[in-house]
Structure formats: structure tokens, C-alpha cells
*Asks:* 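Take this structure first; my questions come after.
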Protein chains: 2
Amino acid sequence: MVVHELSETEIDRIFHAMADATRRDIIKQAMLREQSVSELAKRYVMSFAAVQKHVAVLERASLVAKQRRGREQIVQANPESLRRAARLLEAYEDIWRERANRIGEILSNQPEGTEP
Amino acid sequence: MVVHELSETEIDRIFHAMADATRRDIIKQAMLREQSVSELAKRYVMSFAAVQKHVAVLERASLVAKQRRGREQIVQANPESLRRAARLLEAYEDIWRERANRIGEILSNQPEGTEP
DNA sequence: TTCATGTACAACCATTTGGTTGTAGGTTAC
DNA sequence: GTAACCTACAACCAAATGGTTGTACATGAA
């Protein structure tokens, strides 16, 4: 299976996009139900343009995609990017687990008589 | 079991901290082996002060902790925060899965004769 | 056609970020 | 004691962020 490896820049964009509560909520909303940008904008106490910018940030991170429907722009979540980010964090956990194993191995390989 | 719920601000900090390649590498290095700040700094083509700032960002996000040892400051990774971030991303995946189930259910609950 | 709606985008602004250099203070080694 | 090393922190700077308002344009509804 070919796994699309994320470039450092892509990872930067995904985490940066997730580092804002409004954007995290937009993702959640879009996952629950596809919505137009103006529909989403009504939920937040900020200008339409601000929400538009947040959506653009999510789009650059491939976390959402926009699709025109008449005069509306429908925001649809792309869970694949999110999944990749989750797997990435798990990779760090793996590093930690590996280290724990390594340390455990060193301890159990101690020659006799070295215990205090 | 009591799970420490992350506040929005804490989530902001964690994702923001992860949104930089240097900081992600520092985490990785600290997970592989506890190292002093200056030891870490040697790895990157930037000033010691810059690395110091990156470590501070990771510290505010509770991704690492510093511990003084003589004149050195040892950076140790705190995998717990990372684990929480990973679980958080998985929560989004759950939302998506739920939606898929919901849609599947709607489709399978169609009354007779509504299929094309 | 006309008007309301939805979007795009530019210009502007305050704040934050990510880097720098410089200075000062502790700690260790010689 | 003195020199070298490690850290802390301030001051500064350019660029990016996150918000605003204003204008223009396309689409749908009446």
C-alpha cells in the first residue's frame, strides 16, 4: 500500500490550522454536515471575511475543500488529512515506546552482581 | 478513570507547538534521549537563544519539561501531552465515523419503493 | 429588472512569531 | 582565582496572524 508521506510544510500547515479554536470548530461543523461559508459564519462572533480566512487556512492544509453550489460555496471536511496527522502523533508515541523498551532491555541485560 | 480534559487554550498551545519543524525535531530528540538545551542547540543552524525560545514554547504546551542539573538544563519529553493530542485528533475521526454511520442508517431505513 | 444574498479580495491595523545580538549571572574545570 | 561553559533575558526587527472595513461581482428570488 502506498501511503502519501506528508512533507514538513504540509505537517506545518495541518498543525497550524488545528491551533485555533474557531478553525477546530469549523472542522467539526463541516464533519457533522456540509455547510456553506456564510452558514458557518453565522455561528461565530466575527466578520464573514474572518471566517472566510479561517476556511482558507483549513483549505491550504487540505483539511477541508470547497465546492461551488450556485452562489454558495459548500465546505466539506476531508478526514484524510486529519487521519494523517493523528498517525503522525502516534509515530511520536512509538518513538517513546521504543525508548522505554530499549531502557528495559538495558536493565534486564545487566550482568550479575551489578544490582545494588 | 479521571482523564484530564484539555482546555481550548491548552489545545491551542499543543498544536501551535507542533506546527514547527524545529520544535517537532526537538521533541523527537528529547524522546530519544534527554539532552541539555545547548546540546540540542548544536543540532540546528540558529542561535542558542532561538532554540531556547523553541524549548520555551514546547514547555508552555507541556510537551517537555526542563530540569536543572548543575549548570545545564535538561530537556525531558512529556509524552502524556502528545498522547492527549493524538486522542483529540482521534475524536475528530470518531465524529466522521459517526456521521458515516448515520448516513448509512438513513439509507438503509428508506421505506420500500423509494429506491430508483 | 431589481434587490437581497453569497462570495472574493484588497487595504489596513494591532499583535504575535521567529529570528537576531548583547549583556549578565551561575557553575564547572583547571 | 580565572577562564570556559550554560543559561536567562532584554531589546530589537521583519514577517506572519487574525481581525477589521470597504468594494466589486455573480447568482437567485420577487
Side-chain angles (χ1 to χ4, degrees), chain A residues 7-30 33-77 85, chain B residues 7-30 33-77 85:
Chain A
S7 74
E8 290 297 293
T9 315
E10 287 173 307
I11 302 174
D12 285 357
R13 286 190 183 144
I14 291 176
F15 283 127
H16 170 245
M18 296 296 294
D20 180 282
T22 304
R23 286 197 290 265
R24 286 194 299 273
D25 195 70
I26 291 176
I27 291 184
K28 196 180 290 186
Q29 294 304 325
R33 185 172 64 80
E34 292 182 358
Q35 295 172 61
S36 71
V37 179
S38 54
E39 209 169 351
L40 284 168
K42 285 179 205 141
R43 301 183 152 270
Y44 313 101
V45 283
M46 66 183 74
S47 68
F48 170 79
V51 174
Q52 221 176 4
K53 282 192 185 180
H54 281 307
V55 171
V57 171
L58 292 170
E59 216 180 351
R60 276 206 323 154
S62 304
L63 287 166
V64 305
K66 286 191 300 185
Q67 190 179 13
R68 216 173 233 305
R69 198 155 69 198
R71 64 183 161 185
E72 294 180 339
Q73 199 77 269
I74 307 299
V75 179
Q76 17 192 220
Chain B
S7 74
E8 289 297 295
T9 315
E10 286 173 308
I11 301 173
D12 285 358
R13 287 190 184 145
I14 292 176
F15 282 126
H16 170 245
M18 296 296 294
D20 180 280
T22 304
R23 285 196 291 264
R24 285 194 299 273
D25 195 70
I26 290 176
I27 291 184
K28 197 180 290 186
Q29 294 304 326
R33 183 172 65 82
E34 292 182 358
Q35 295 172 61
S36 71
V37 179
S38 55
E39 210 169 352
L40 284 167
K42 283 180 206 141
R43 302 184 151 269
Y44 312 102
V45 282
M46 67 182 74
S47 68
F48 170 80
V51 175
Q52 221 177 4
K53 282 193 187 180
H54 280 307
V55 172
V57 170
L58 291 170
E59 214 179 352
R60 277 207 321 154
S62 304
L63 287 167
V64 305
K66 285 191 300 185
Q67 191 180 12
R68 213 171 236 304
R69 200 155 69 198
R71 65 183 161 186
E72 295 181 337
Q73 199 76 270
I74 307 299
V75 179
Q76 20 193 213

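In what follows, chains are A, B, ... by sequence order, proteins preceding strands, each numbered from 1.
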*Asks:* Measure the shortest side-chain to side-chain distance between B/F15 and A/D20 over non-hydrogen atoms and say whether it is less than 4.5 angstrom.
*Replies:*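 No - every pair of side-chain heavy atoms lies 4.5 Å or more apart.
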*Asks:* Rounded to whole angstroms, how far apart are OH on A/Y44 and P on D/dG18?
*Replies:*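 That distance rounds to 15 Å.
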*Asks:* Taking the side chain as everything from C-beta on, heavy atoms only, tell me whether A/K42 gets closer than 4.5 Å to A/Q35.
*Replies:*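 The answer is no; the side chains never approach within 4.5 Å.
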*Asks:* Using a 4.0 Å heavy-atom cut-off across all strands, classify A/K42 as base, sugar-phosphate, or nothing.
*Replies:*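 Result for A/K42 = nothing.
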*Asks:* Could you check A/R69 against A/R60 and say which one's nearest nucleotide on DNA chain D is further toward the 5' end?
*Replies:*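 Comparing both residues, the 5'-ward one is A/R60.
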*Asks:* Whole Å only: how far is the CD atom of B/Q35 from the P atom of D/dC6?
*Replies:*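 Going from CD in B/Q35 over to P in D/dC6 covers 13 Å.
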*Asks:* Is atom CZ of A/R68 surrounded by more than 12 heavy atoms (other residues, nucleotides or ligands) closer than 6.0 Å?
*Replies:*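 Enclosed: over 12 neighbouring heavy atoms sit under 6.0 Å from CZ of A/R68.
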*Asks:* Taking only N/O atoms, report every protein-nucleotides 24-27 of chain D pair under 3.5 Å with atom names and distance.
*Replies:*
{"unit_1": "D/dT27", "atom_1": "O2", "unit_2": "A/R71", "atom_2": "NH1", "d": "3.3"}

*Asks:* May I ask you to test the B/E8-A/R24 pair for a side-chain heavy-atom distance under 4.5 Å?
*Replies:*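 Side-chain contact under 4.5 Å: yes.
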*Asks:* Let me know the distance between CG of B/L40 and C1' of D/dT7, rounded to the nearest Å.
*Replies:*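 So the two atoms are 13 Å apart, to the nearest Å.
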*Asks:* Which of these nucleotides, C/dG6, C/dG18, C/dG19, is closest to any side-chain atom of A/E72?
*Replies:*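 Closest nucleotide to the A/E72 side chain: C/dG6.
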*Asks:* Between B/H54 (NE2) and C/dT17 (C1'), how many Å, whole number?
*Replies:*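 B/H54 atom NE2 is separated from C/dT17 atom C1' by 10 Å.
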*Asks:* Hey, is the side chain of A/T22 poking within less than 4.0 Å of OP1 or OP2 on D/dG18, counting only N and O atoms?
*Replies:*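 Negative; the distance criterion is not met.
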*Asks:* With the threshold set at under 4.0 Å for non-hydrogen atoms, list the residues of residues 11-20 of chain A touching DNA chain D in residue-number order.
*Replies:*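 Within this stretch, A/H16 sit under 4.0 Å of the strand.
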*Asks:* Looking at residues 45-53 of chain B, who's got a heavy atom less than 4.0 Å off DNA chain C?
*Replies:*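 B/M46, B/S47, B/A49, B/A50, B/K53, in order of number.
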*Asks:* Does the side chain of A/R43 come within less than 4.5 Å of A/V51's, by heavy atoms?
*Replies:*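 Heavy-atom side-chain distance check fails, nothing below 4.5 Å.
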*Asks:* For a 4.5 angstrom cut-off between non-hydrogen side-chain atoms, does A/E72 reach A/E39?
*Replies:*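 Result no, sub-4.5 Å side-chain heavy-atom pair not found.
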